[in-house]
Amino acid sequence: MKEVELTCPTCQTFKKIRIPETIFDQKKFGTIKIQVPPGAVCPDHQFIAFVDTKGIVRGYERIDLLMGVSLEEEAENNKSSEELIHGDITLKVLINSYGLYGVFSLIHAKIFNYPSYIIKKSETGEDQKRINSFFNNLLPDQYKATAILIKFLHETDYDKIKIKEKNAFLIDSEKNILQTPWVEKLKFEEDMLKKALDIIDNKEQLIIIKQDIAKFITEAEKTKLILEGVKEIYKEDLIDLLSSDLKISKINKYRLNLIKDYINQRYSPKLTQKIKNKVQEFLNLL
Ligand SMILES: [Zn+2]
């Protein structure tokens with residue numbers, strides 16, 4: 001264990017916390033994202049700390065979603081590893097095993113079709129198939145069969161980990177995130193889970209998430225169709241067209257960027273390069 005001082009990015013409370021040496025012994029992954037749960041640094045907030053192999057904090061990212069840590073939930077948390085083997089896999093069980101950001105990431109990887117790996121120190125009997133079927137079931141039917149499967153790795157020496165894909169998501173059994181192939185914040189996933197966790201029923205939570213994912217994929221696939229049919233299009237015109245074709249309110253900049261990422265990742269960046277920016281074009285003329 002190595003002590004690292006972390007500062008809450010929301011309330012600036014700071015505290016030294018102990019982080020396993022395995023993070024610092026390795027050279028392979030450089031900066032690692034550490035999930036800091038509420039109570040670890042300050043009572044009210046949770047966040048991600050970007051820590052390099054020297055133990056220097058390179059940055060923070062807030063997680064706005066708050067999960068109450070009532071005693072009842074802690075009792076439920078304690079039986080979570082059992083649940084992963086025998087019982088139903090629920091959102092809460094997964095959050096306890098992989099952390100909130102870990103679950104956002106696993107969902108993100110499924111939607112955007114990134115390979116994901118989970119490092120397990122030992123064979124725990126957790127069923128890779130069941131985890132995959134849980135996440136695949138959040139996708140619309142026609143995407144389930146082709147979804148990239150989450151794989152388990154059993155390598156304890158992080159420098160020896162060999163993954164054939166460069167763009168893979170990688171998390172260890174301590175909820176530390178070793179590699180994320182995306183740069184964007186996972187706001188979409190966070191908002192989705194926030195809505196779902198307000199619902200008590202475990203199955204209804206998943207219905208909410210499934211609906212939100214389906215809605216996003218419909219918008220993204222429609223955008224792809226529009227782009228395939230034009231030589232180029234102004235961003236504003238694309239947003240108008242999308243809104244009138246799908247009878248939805250105009251999407252914002254963040255949503256458009258998310259759709260662009262989806263098309264780049266699943267199809268081709270050539271399609272999203274057709275989206276032109278009026279302001280940029282004007283500036284280029286000057
Ligand atoms: Zn705080």
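All values below were derived from every heavy atom in this structure, side-chain atoms included, with hydrogens, water molecules and symmetry-related copies excluded.
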(message) To the closest 0.5 Å, what do you measure between NZ (K274) and OH (Y234)?
(response) 16.0 Å
(message) Give me the atom names and distance for the closest heavy-atom approach of E184 to D261.
(response) OE2-OD2, 3.0 Å
(request) Classify the side-chain pair Y101/E189 by whether it contains a donor and acceptor separated by less than 3.5 Å. (result) no
(request) Please report the shortest heavy-atom distance between N113 and A147, naming the atom on each side. (result) OD1-CA, 4.0 Å
(request) Report whether L197 and I207 are members of the same hydrophobic cluster (ILVMFWY, side-chain heavy atoms less than 4.5 Å apart, transitive linking). (result) no
(request) Say whether, by atom type as modelled, one donor and one acceptor occur between the side chain of N96 and the main chain of K92 under 3.5 angstrom. (result) no
(request) Please report the C-alpha distance between N132 and K110 in whole Å, then the side-chain angles of each, then the deciding distance to 0.1 Å, and finally whether the side chain to side chain donor-acceptor pair (under 3.5 Å) criterion is met. (result) CA-CA 9 Å; N132 272 295; K110 279 287 177 190; 3.0 Å; yes
(message) For F14, I'd like to know if atom CZ has over 12 heavy atoms of other residues, nucleotides or ligands within 6.0 Å.
(response) no
(message) Within the structure provided, determine whether I248 and K222 are in side-chain contact (heavy-atom separation under 4.5 Å).
(response) no
(message) Would you say E165 and Y117 are linked by a side-chain donor-acceptor pair, where the criterion is simply a distance under 3.5 Å?
(response) yes
(request) Report the distance from atom CD1 of I217 to atom NZ of K224, rounding to the nearest 0.5 Å. (result) 12.5 Å
(message) Rounded to the nearest 0.5 Å, what separates atom CG in L138 from atom CD1 in I213?
(response) 5.0 Å
(message) Counting C-beta onward and ignoring hydrogens, is there a side-chain heavy-atom pair between F169 and L106 closer than 4.5 Å?
(response) yes
(message) side-chain contact (heavy atoms from CB on, under 4.5 Å), that's the test. Do I32 and Q26 meet it? Break it down for me.
(response) CA-CA 10 Å; I32 283 175; Q26 56 83 29; 3.3 Å; yes
(message) Applying salt bridge (Lys or Arg N to Asp or Glu O under 4.0 Å) to E61 and K185, what does each step give before you reach the verdict?
(response) CA-CA 8 Å; E61 190 176 317; K185 290 184 178 177; 5.6 Å; no
(message) Against W182, only a single residue in F112, F104, Y114 fulfils ring pair (Phe, Tyr, Trp, His ring centres under 6.0 Å); can you say which?
(response) Y114
(message) Return the CD1 to CG distance between I131 and L149, rounded to the nearest 0.5 Å.
(response) 12.0 Å
(request) Answer yes or no: is there a donor N or O on one side and an acceptor on the other, between the side chain of Q205 and the main chain of I199, under 3.5 Å? (result) yes
(message) When you group the ILVMFWY residues by side-chain heavy-atom contacts below 4.5 Å and let the links chain together, are L100 and L6 in the same group?
(response) no
(message) Any carboxylate oxygen within less than 4.0 angstrom of a Lys/Arg side-chain nitrogen, looking at K195 and D191?
(response) no
(message) Side chains of N257 and K260, heavy atoms from C-beta outward: is any pair under 4.5 Å?
(response) yes
(message) Can you give me the closest heavy-atom contact between T7 and Y60, atom names plus distance?
(response) N-OH, 2.8 Å
(request) Group every Ile, Leu, Val, Met, Phe, Trp and Tyr by side-chain heavy-atom contacts under 4.5 Å, then state whether I259 and Y143 land in the same group. (result) yes
(request) Please say which of L241, I233, I239 ends up in a side chain to side chain contact (heavy atoms under 4.5 Å, CB included) with D237. (result) I233
(request) State, yes or no, whether a side-chain contact exists between T223 and Y262 at a heavy-atom distance under 4.5 Å. (result) no
(message) Using a 6.0 Å cut-off, check whether atom NZ of K278 has over 12 heavy atoms from anything other than its own residue.
(response) yes
(request) Examine K187 relative to Y254 and say whether NZ or CZ is less than 6.0 Å from the centre of the six-membered ring and inside a 45° cone about the ring axis. (result) no
(request) Check the pair I208 / M192 against side-chain contact (heavy atoms from CB on, under 4.5 Å), numbers first and verdict last. (result) CA-CA 8 Å; I208 293 286; M192 231 167 16; 5.9 Å; no
(message) Under 4.5 Å between side-chain heavy atoms, counting indirect links through other Ile/Leu/Val/Met/Phe/Trp/Tyr residues: same cluster for I177 and F135 or not?
(response) yes
(message) Is there a side-chain contact between L242 and L256 in this structure, where contact means two heavy atoms from C-beta onward sitting under 4.5 Å apart?
(response) no
(request) Decide yes or no on side-chain contact (heavy atoms from CB on, under 4.5 Å) for T10 and D44, but give the supporting numbers first. (result) CA-CA 9 Å; T10 304; D44 299 325; over 6 Å; no
(request) Mind checking the CG-CG spacing from L225 to L271? Nearest 0.5 Å is all I need. (result) 10.0 Å
(request) Give the cluster check for F188 versus I48: same hydrophobic cluster or not, with ILVMFWY residues linked at side-chain heavy-atom distances below 4.5 Å. (result) yes
(request) Would you check, one step at a time, whether the test side-chain contact (heavy atoms from CB on, under 4.5 Å) holds for L91 with I209? (result) CA-CA 10 Å; L91 213 47; I209 294 178; 3.7 Å; yes
(message) Testing the basics here: between H45 and C8, what is the closest heavy-atom pair and its distance to 0.1 Å?
(response) ND1-SG, 3.5 Å
(request) Would you check if the side chain of Q35 reaches a backbone N or O of Y98 as a donor-acceptor pair within less than 3.5 Å? (result) yes
(message) Working to the nearest 0.5 angstrom, can you tell me the gap between H154 NE2 and F152 CZ?
(response) 7.5 Å
(message) Here's one to test your reading of the geometry: is the NZ or CZ of K2 within 45 degrees of the ring axis of F24 and under 6.0 Å from its centre?
(response) yes
(message) Any side-chain to backbone donor/acceptor pair from D159 onto K27? Under 3.5 Å, distance only.
(response) yes
(request) Measure across A168 and I163 and return the closest heavy-atom pair with its distance rounded to 0.1 Å. (result) CB-CG2, 3.9 Å
(request) State, yes or no, whether a side-chain contact exists between E190 and I63 at a heavy-atom distance under 4.5 Å. (result) yes
(message) For D141, is there an ion pair with K144 - N to carboxylate O distance below 4.0 angstrom?
(response) yes
(request) Write down the atom of E3, the atom of K16, and the distance for their closest heavy-atom approach. (result) OE1-CD, 3.5 Å
